[in-house]
2 protein chains.
Amino acid sequence: MDPSQIDQVRRFNRTVTERVGVLHDRYLGRDRPIGEARLLWEIGERGQDVRRLRERLGLDSGYVSRLLRALESDGLVTVEPQPRDRRVRTVRLTDAGRAERATLDGRSDELAGSLLEPLNTTQRARLVAAMAEVDRLLTAATVVLDVVDPDHPDAQYCLRSYFMELRHRFEDGFDPARSLLPSAGELRPPHGLFLIARTHGEPIGCAGLKLPPRAPAEIKRMWVAPHARGLGLGRRFLAELEARAAQHGRNVLRLDTNKALGAAIGLYHSFGFQEVAAFNDEPYAHYWFEKRIT
Amino acid sequence: MDPSQIDQVRRFNRTVTERVGVLHDRYLGRDRPIGEARLLWEIGERGQDVRRLRERLGLDSGYVSRLLRALESDGLVTVEPQPRDRRVRTVRLTDAGRAERATLDGRSDELAGSLLEPLNTTQRARLVAAMAEVDRLLTAATVVLDVVDPDHPDAQYCLRSYFMELRHRFEDGFDPARSLLPSAGELRPPHGLFLIARTHGEPIGCAGLKLPPRAPAEIKRMWVAPHARGLGLGRRFLAELEARAAQHGRNVLRLDTNKALGAAIGLYHSFGFQEVAAFNDEPYAHYWFEKRIT
DNA sequence: GGCATCCTCTGACTAGAGTCAGAGGATGGA
DNA sequence: TCCATCCTCTGACTCTAGTCAGAGGATGCC
């Protein structure tokens, strides 16, 4: 790896942990230990199950329990068994808790403001733009791809979002019933597979692969959430699916697409796909692509 | 302040404290408490006086003493009275200490690498560029201006750097003896003043103001360290000097400059200075500028 | 030489942030 | 109905990271 890049990253780390890290603790932990503050924050407006809190924050169950006891005795939260499964307990903010959370929120704003405050307008705009870029790319680096069942809730969420988007973007809308969509079975081993991309456990994209016997592999239902675009995720899906198709002995990868999806078409070209004649009669397709793989 | 900017800064803070902050502690504190690691780092190759360490890290004397005891008993440092003043004690790394410090250094590299590692070449370049920008601007926000005596070591450092730079940049070099440089007395109250810009206590620029009786105020010896350029520091100096000249009842601010200093000339124009006829016979000057102030 | 001041160290604390090993109630399946 | 499993809680610890109040040697100045 390029040493001058490493160097710049180290300088960044240093500056940022000093300016942001130190201030962060000072602002947020002003009159409450940061453990409690983080918990209060993570409970959110609607409440949370204790086990989920523990998962999200990666904390020991005993520790969380103790923190909850502290918040409870300060009158900030109530903890009650969940009606469905009385082993699980649900935490909810009281009005006082909500108020406390709002002050934490205000302090986060103060902290952010204190970083911008000494700068002039131009500098602020530049800083914010650069922060957005760092944010996006660091987030991109945490994206993980998993194979899941197409019926998994996260998969379903992505597919719903995908259909909704097609409905808006296609000239004549989109009706799943009219399309040659594969059944869930076709995207489930051994007939295929379904990939999900996640950051911090949240689904942000999906892509399916059909592996029909003695025929080219076919990419289906590739979608990236709007807020996750520009992170190279489409490319990553393609590379991953290509590798998996090759593992399954296929030497051709293909897909069909609609003319409304300009960015995707550009991606296919730049990833080495060639336009070919229609290989199916998908009514929503305008272009068919193919790539030889090894 | 713009709420969408605040929002972006908050998103940035969150991402960064997660990705960088958490990893930071995990990498660096792998087998040594971060307090000790920080201290080990700050001692440096050449050793340090205990009091200076305390100052730099902002820690309690008892605490530092205890940390040093721990490092000493691990054979990483030696602590000895300073020969000149035996109340002060000097810490030096042993060979083992140097080795330990080198592994910490390696881990910082690893951490930086782990941020870049999941990204492709383009993304890496973009991330590094954005980090550099964030770094510069956050640093810019910590710059403080102080009035110091022109004989102060930091002032002397800036002036030496300034002369050295002029020597390189002027077509015919620069010889202080030939120039109309003000004596230190002219930049010292009540005849004038001398400003120093610092980040983290390190001097990164200077600017002097002459306040001759019943005459326009005059800017002298304005210099910004090469690594601190592009932070708007020149503008900040001008604004500060203008305000101080006005406080002292002057309504005209002027300066002379050399044609080799293109960026500075641009700055003077954009800050509202107008070119005027020569008001002195400085041999190194090609342009003379003036601005009416209130 | 005497005394205030400086610098470092030690002892005695505190608070936060966790970890670990059960206890004990709730649930689900045989 | 019984038993394994799940979820949460409690008690008993540990480690960091600090703070505070002096003790005691070294120095500088009168």
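Every chain is numbered from 1, with letters handed out A, B, ... down the list of sequences.
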Checklist line | Interatomic distance, B:Ile34 CD1 vs C:dA17 P [rounded to whole Å] | finding: 12 Å
I'd like a table of donor-acceptor pairs (distance under 3.5 Å, sequence neighbours excluded) in which one partner is a side-chain atom from residues 57-69 of chain B, with atom names and distances.
{"residue": "B:Asp60", "atom": "OD2", "partner": "B:Gly62", "partner atom": "N", "Å": "2.7"}
{"residue": "B:Asp60", "atom": "OD2", "partner": "B:Tyr63", "partner atom": "N", "Å": "3.1"}
{"residue": "B:Arg69", "atom": "NH1", "partner": "B:Glu72", "partner atom": "OE1", "Å": "2.6"}

Next item on the list: Kindly indicate whether the side chain of B:Leu115, heavy atoms from C-beta on, has any atom under 4.5 Å from the side chain of A:Leu137.
Entry: no
Which donor-acceptor pairs under 3.5 Å do the side chains of residues 84-92 of chain A make with protein atoms, sequence neighbours left out?
{"residue": "A:Asp85", "atom": "OD1", "partner": "A:Arg87", "partner atom": "N", "Å": "3.0"}
{"residue": "A:Asp85", "atom": "OD1", "partner": "A:Arg87", "partner atom": "NE", "Å": "3.1"}
{"residue": "A:Asp85", "atom": "OD2", "partner": "A:Arg87", "partner atom": "NH2", "Å": "2.9"}
{"residue": "A:Thr90", "atom": "OG1", "partner": "A:Asp49", "partner atom": "OD1", "Å": "3.0"}

Note to self: Looking at D:dC7, I'd like to know if its phosphate oxygens (OP1 or OP2) sit under 4.0 Å from a side-chain N or O belonging to A:Arg51.
What the structure shows: yes
Checklist line | Cationic N near anionic O, under 4.0 Å, B:Asp135 to A:Arg14 | finding: no
Next item on the list: Produce a footprint string for nucleotides 19-30 of chain D: one letter per nucleotide, 5' end first; B if the base is under 4.0 Å from any protein heavy atom, S if only the sugar-phosphate is, - if neither.
Entry: BB----BBS---
Check: Which whole-number value in Å describes the distance from A:Leu71 CG to C:dG16 P?
Finding: 13 Å
Next item on the list: Quick one: label B:Arg52 by what it contacts on the DNA or RNA (base, sugar-phosphate, nothing), any heavy atom closer than 4.0 Å.
Entry: nothing
Notebook entry, point to check: So, A:Glu36 and A:Arg32, do they make that salt bridge, N to O below 4.0 Å?
Noted result: yes
Notebook entry, point to check: Would one find a side-chain N or O of B:Arg69 under 4.0 angstrom from OP1 or OP2 of C:dC9?
Noted result: yes
Notebook entry, point to check: Do any side-chain nitrogens or oxygens of A:Arg89 fall under 4.0 Å of OP1 or OP2 in D:dC9?
Noted result: yes
Checklist line | Protein-nucleotide distance (A:Leu67, atom CG; D:dT8, atom C1'), rounded to Å | finding: 14 Å
